[in-house]
Each structure stands twice: as structure tokens, then as C-alpha cells.
Amino acid sequence: MASRGLKICLAMSLLFLIIVAIVIVALFFTIFRPKDPNIIVHPVGFENFNPSLLTNVTANVSLGMLITIENSNYENFEYPNATGYIKFHDTVVGQVPIVGELVPPRSQINVNTSANFMVAKLINDPNFLSDFLSGIVNFTSTASLPGKAHMLKIIKFKATVYSSCDISLNITSRNVDSKCISKIKL
Ligand SMILES: *[C@@H]1O[C@H](CO)[C@@H](O)[C@H](O)[C@H]1NC(C)=O
Ligand SMILES: *[C@@H]1O[C@H](CO)[C@@H](O)[C@H](O)[C@H]1NC(C)=O
Ligand SMILES: *[C@@H]1O[C@H](CO)[C@@H](O)[C@H](O)[C@H]1NC(C)=O
Ligand SMILES: *[C@@H]1O[C@H](CO)[C@@H](O)[C@H](O)[C@H]1NC(C)=O
Ligand SMILES: *[C@@H]1O[C@H](CO)[C@@H](O)[C@H](O)[C@H]1NC(C)=O
Ligand SMILES: *[C@@H]1O[C@H](CO)[C@@H](O)[C@H](O)[C@H]1NC(C)=O
């Protein structure tokens, strides 16, 4: 009889463990499953930009950038200082320093920074003149943030966020349009 009670007890414990394991796995794939963040890179101050600055080919021109990072996960996302790159066609024409931050779970932060455009590289690109005259100059920005996600100091893993944006400047209206895609990889 005692051994039958023991068997039942073992079976119950095993069942309990299986249920706990299923719940943990289910939680991991639902709540903890990393969701892509939402990153928007938006140049600011282009309205006041003076195009005559582009005539000094030895200069670097800086343009303010507002970066909004929205973390849709249940973990904190923390990343160190990083650099974003701005490309015109296939040439890197600018750099964007990004100061490391912690983005709390399910919230968003704004990061102010300024892009450093190398005028010589931009002007010397064979596509620049025709694009400028067409009234629209397109750039792409890319950044990777090799950070970590953590929650309650227990769950902690490396996570890298990749962001890429198409930024379109309308020279006549001084209007800025940006479309961004972001991915998180563990
Ligand atoms: C061009 O830019 C360089 C570096 O910023 C500066 O030293 C120089 O005075 C500028 N030249 C003109 C004509 O504005
Ligand atoms: C412009 O920026 C580049 C790259 O950041 C740097 O190497 C160069 O010294 C800068 N030039 C000036 C005039 O600030
Ligand atoms: C990150 O950049 C900021 C501003 O440039 C600087 O004050 C800080 O020391 C940097 N942090 C690290 C870890 O390099
Ligand atoms: C970013 O700069 C804008 C003005 O340029 C300011 O209103 C805003 O408070 C700044 N945001 C942060 C997070 O510093
Ligand atoms: C710039 O981008 C816009 C939208 O992303 C596109 O419609 C347009 O053709 C592009 N213009 C050039 C000159 O590449
Ligand atoms: C740029 O903006 C102006 C004024 O809003 C508009 O008329 C023009 O069509 C825009 N250019 C392009 C290529 O979209």
C-alpha cells in the first residue's frame, strides 16, 4: 500500500513539474519573447538649415537628430554608447553619436543628438547634384545597439537592436520624412 501511495505521489509531482515547465516555456514564448523595438530617427532643425554651408567642402555640418526608442518588451533594454551612420546612396556621409541609455520596459525615451555630415563626401558623390536639383535628397541611417535585456536581475540576456531608416529631405519645403525598421536579435 505504501508503495502505491509513493507512486501516486511521484506521479503527482511529475505532473506538477511538467505543468510548471509548460507554463515557463509558454511565458518565455509569449511575455518574454523579444519584440522588435520601434526606433524613429528624425532630423530636427532642417527648417533653419543654411544650404550655403554646403559650399564649404572642408567643413563638417551638424544637423540635430531626435531619436525615439520605444521598448515594447517586458524587460529593460540597456545599450552602451554607439555610433550610427548616415549613407547617401552607397557612401557614408555622416556619423551620429548615440549616448548609451536604459529604456524601461514598455516605454519610450527620446535621445537628442546631432549628425555630423562630411560635406566633401556628400558633394563629391556623383548623384548629389541631380538629387539636389530634383528637390529630394534621400539618406539612409543605420545603427546597431549591442545591448542587453534584463528583468529583476534574474532574466538577463544579450540583445542587439538593428535600426535602419529611410530619410527623405524635401529641399524646397524643408520637409523631413523618415521611415524606420528595427529588429532585435538575441
Ligand atoms: C570652412 O570650414 C572650415 C572648417 O570648419 C573653416 O575653418 C573655414 O573657415 C571655413 N571656410 C569658409 C569660407 O567658411
Ligand atoms: C569632420 O568629421 C570627420 C569624421 O568625423 C573628421 O575626421 C574630420 O576631422 C572632421 N573635420 C572637421 C573640419 O571638423
Ligand atoms: C558615453 O558618451 C558620453 C558622452 O559623450 C560620455 O560622457 C561617457 O563617458 C561615454 N560612456 C562610455 C562608457 O564610454
Ligand atoms: C531634445 O531637444 C529638444 C529641443 O531641441 C528639447 O525640447 C527636448 O526636451 C530635448 N529632449 C531631451 C530628452 O533632452
Ligand atoms: C526618395 O525616397 C522616396 C520615398 O522613400 C522615393 O519616392 C523617391 O523616389 C526617392 N528619390 C530619390 C531621388 O531617390
Ligand atoms: C516638396 O514640397 C513641396 C511643397 O510642399 C511640394 O510642392 C513638392 O511636391 C515636394 N517635392 C517632392 C519631390 O515631393
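No experiment lies behind these values; they were computed from the predicted model shown. Order of listing sets the numbers, starting from 1, for every ligand and every atom in it.
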Are the side chain of Asn170 and the backbone N or O of Asn175 linked by a donor-acceptor pair below 3.5 Å?
no
Does Ser141 reach the side chain of Val41, with side-chain heavy atoms less than 4.5 Å apart?
yes
Ser163 side chain reached by Ile181 side chain, heavy atoms, under 4.5 Å
no
What are the polar N/O contacts of ligand 5 with the protein below 3.5 Å, with distances?
residue: ligand 5; atom: 2 (O); partner: Asn138; partner atom: OD1; Å: 3.2
residue: ligand 5; atom: 2 (O); partner: Asn138; partner atom: ND2; Å: 2.4
residue: ligand 5; atom: 11 (N); partner: Asn138; partner atom: ND2; Å: 2.9
residue: ligand 5; atom: 14 (O); partner: Asn138; partner atom: ND2; Å: 3.0

Salt bridge (Lys or Arg N to Asp or Glu O under 4.0 Å) against Lys183, all qualifying residues, sequence neighbours excluded
Asp36
Relative to Phe88, does Lys121 satisfy both conditions: NZ or CZ under 6.0 angstrom from the six-membered ring centre, and within 45 degrees of the ring's axis?
no
Which of the ligand 6 atoms, numbered from 1, are nearer than 4.0 Å to a heavy atom of Thr172
1 (C)
For the backbone of Ile98 and the side chain of Thr113, can you confirm whether one donor and one acceptor N or O come within less than 3.5 Å of each other?
no
